[in-house]
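Report on the structure given below.
In the text below, chain A, chain B and the rest are named by the order of the sequence lines, each starting its count at 1. Note that these values count all heavy atoms, side chains included, but never hydrogens, waters or copies made by symmetry.
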2 protein chains.
Amino acid sequence: MAEESEVIRSRGGTRERIMDIAQEAVLAKGFEATSIDEIVAAARITKSGFFYHFSDKTALARALLERYLEQEEAIFDDVFGRAAELSDDPLQILLIALKLLAEVVENLPNGHPGCLVATTAYQDRLFDAEVRALNREGVAAWSARFRGHLEAVATAHPPTRPVNLDDLADMVTGVCEGGIVLQKALDDRTAMARQILLLRTFIGMLFR
Amino acid sequence: MAEESEVIRSRGGTRERIMDIAQEAVLAKGFEATSIDEIVAAARITKSGFFYHFSDKTALARALLERYLEQEEAIFDDVFGRAAELSDDPLQILLIALKLLAEVVENLPNGHPGCLVATTAYQDRLFDAEVRALNREGVAAWSARFRGHLEAVATAHPPTRPVNLDDLADMVTGVCEGGIVLQKALDDRTAMARQILLLRTFIGMLFR
DNA sequence: GTTCCAACTGAACCTGCGGTACAGTTAAGT
DNA sequence: ACTTAACTGTACCGCAGGTTCAGTTGGAAC
């Protein structure tokens, strides 16, 4: 049988390949600075090939953000799912999940490559209201998830100090985002994981 | 006497005006997406005027980052200076400083406009090693400052749990950066201040 | 074995951007 | 009166950027 030719025709994988290449560049240089020429050169296709997959450059931005949000949801599903199998106590589940999350980002080959939500937020004047709404709802969904877990924790273990659970839910996202900025600015691939673990310590302190 | 004409000649203020306009645009769209044409139009000067002040576009980037780091240092000096006048206890000084910091960012007219360190970190492939080093050292200086305060706090009030003070110092920066991302992504100008205050709660808990 | 379609290629187009060159102008300082 | 800083005005350049579209290819279905 004919083995899978990787170059001649890629049978549907091209779009994903374009997006992988584009995402890496966008996270390192920004959206406007990432040229279609550079993407198609790296993907070994022509410019026309790019425009077969994306109607224009903004369609690429939207597709990247949508895919990124789905991938992140999948990671959280995985991490909280695995945590829920290891304990029945809401606090333990949350603490285990944060530990697993720290491990996931620590084990990424070159550290976390960067968050598309953050880049989009820092370049939002480039995009239309739809993309901005997508970004807003993506972060809101993360916060809602964390907030759900935190409510379960708080009922089982009343916090030792009054804290706003909405703010605390946002802080999980915020510490991740801040950790990535630290990691990139300091060129220290362990910074994000350490920030997550420190937040974990604080959450452990709070509910006990 | 001739009153100060604000338009005809700005007596040295032009360079600052260029930088103000450029910074706002860079924080909203990214560096590459901010064109010189657009800057000079907003600053009501000509292109030649721009190149009189900056040898090229990268010189603008460097100048923006240098100025931003100085401004941030000034804010921290102010906040910790005022806090030190209100207490002698290291913990109280730190807690007051964080409160004041939250107030400062809360009272900004449209919320915090964004951190140049974060944009630079997320677009570092656009810049040379010098700018990247500037960014790294800027964040390192913030961390060193916070770390100094934290050491004083820890000797006066041993922490109730073992934590790495380097990570905690980084977290002050990280929570600010994460708070800005949240603020931009959620379009909620209060997010950053609330994140700082929540970190303050955690620090209060830790050293007691 | 023609027809059909998805997945491209090739070539051209045009705008806008960063940057240059350089001569002239204005007002403040000395 | 002379000098200097801080610009303006105009013209130009090369090229890289996004976009368009007519045409090609190769596998699958009938």
Side-chain angles (χ1 to χ4, degrees), chain A residues 1-26 28-65 123 125-128 131, chain B residues 1-26 28-64 67 123 125-128 131:
Chain A
M1 66 205 77
E3 62 255 69
E4 292 285 321
S5 158
E6 347 150 17
V7 173
I8 305 173
R9 188 92 358 162
S10 33
R11 289 168 234 276
T14 304
R15 190 185 153 96
E16 292 294 312
R17 211 167 74 249
I18 293 172
M19 289 174 72
D20 291 343
I21 291 162
Q23 180 162 323
E24 200 205 322
V26 167
K29 305 193 302 190
F31 184 71
E32 188 100 357
T34 300
S35 73
I36 296 175
D37 279 328
E38 132 190 33
I39 295 168
V40 303
R44 313 272 233 111
I45 56 170
T46 60
K47 238 176 185 180
S48 326
F50 175 89
F51 283 101
Y52 172 77
H53 290 287
F54 301 98
S55 61
D56 54 23
K57 208 186 170 191
T58 75
L60 171 66
R62 195 163 7 89
L64 282 177
L65 187 55
Q123 297 170 48
R125 282 287 109 87
L126 291 180
F127 308 115
D128 56 19
V131 170
Chain B
M1 67 206 77
E3 62 255 72
E4 291 285 322
S5 159
E6 345 151 18
V7 173
I8 305 172
R9 189 91 356 161
S10 33
R11 290 167 235 279
T14 302
R15 189 185 154 95
E16 292 294 311
R17 212 168 72 252
I18 292 172
M19 288 173 72
D20 291 343
I21 290 162
Q23 180 163 323
E24 200 205 321
V26 167
K29 306 192 302 188
F31 184 71
E32 189 101 355
T34 300
S35 74
I36 296 174
D37 280 330
E38 134 191 30
I39 294 169
V40 303
R44 314 268 236 112
I45 57 168
T46 60
K47 223 174 186 180
S48 324
F50 176 89
F51 283 104
Y52 173 77
H53 289 288
F54 301 98
S55 61
D56 54 23
K57 210 187 167 189
T58 73
L60 171 66
R62 195 163 5 91
L64 282 177
R67 189 184 68 157
Q123 297 170 49
R125 281 288 109 90
L126 290 180
F127 307 114
D128 56 19
V131 170

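- Contact detail for A/Ile45 and A/Phe50: the closest heavy-atom pair is CD1-N, 3.8 Å.
- A straight line from CD1 of A/Ile39 to C1' of D/dT19 spans 14 Å, rounded to a whole angstrom.
- With hydrogens and angles ignored, a donor-acceptor pair under 3.5 angstrom links the side chain of A/Lys47 to the base of D/dG18.
- Each of B/Ile45 and A/Phe31 was assigned the nucleotide of DNA chain D with the nearest heavy atom; the assignment lying further toward the 5' end belongs to B/Ile45.
- A/Ala61 and A/Phe127 make their closest contact through CB-CE2, 3.7 Å (heavy atoms, listed as atom of the first residue, atom of the second, distance).
- Under a 3.5 Å cut-off, the side chain of A/Asp20 and the backbone N or O of A/Gln23 do not form any donor-acceptor pair.
- To the nearest 0.5 Å, atom OH of residue A/Tyr52 and atom OG1 of residue A/Thr46 are 12.5 Å apart.
- Contact between B/Ala63 and B/Met19 at its shortest, heavy atoms only, is O-CE, 3.3 Å.
- Contact annotation for B/Ser35: backbone-only contact, meaning every heavy-atom pair under 4.0 Å involves sugar-phosphate atoms and none involves a base.
- Residues of residues 48-61 of chain B having a heavy atom closer than 4.0 Å to DNA chain C, listed by number: B/Ser48, B/Phe51, B/Asp56, B/Lys57.
- Distance B/Glu16 CD to D/dA6 P: 13 Å, rounded to the nearest Å.
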Please output the side-chain donor-acceptor pairs of residues 28-41 of chain A that fall under 3.5 Å, not counting sequence neighbours, one pair per line with the distance.
unit_1: A/Lys29; atom_1: NZ; unit_2: A/Glu38; atom_2: OE1; d: 2.9
unit_1: A/Lys29; atom_1: NZ; unit_2: A/Glu38; atom_2: OE2; d: 2.8
unit_1: A/Thr34; atom_1: OG1; unit_2: A/Gly30; atom_2: O; d: 2.8
unit_1: A/Ser35; atom_1: OG; unit_2: A/Glu38; atom_2: N; d: 3.1
unit_1: A/Asp37; atom_1: OD1; unit_2: A/Lys47; atom_2: NZ; d: 3.3
unit_1: A/Glu38; atom_1: OE1; unit_2: A/Ser35; atom_2: N; d: 3.1

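- A close approach under 4.0 Å does not occur between any side-chain nitrogen or oxygen of A/Thr14 and OP1 or OP2 of C/dA7.
- Atom CG in B/Asp37 sits about 8 Å away from atom C1' in C/dG16, given to the nearest Å.
- As rounded to whole Å, 7 Å separates atom P of D/dC7 from atom CD1 of B/Ile18.
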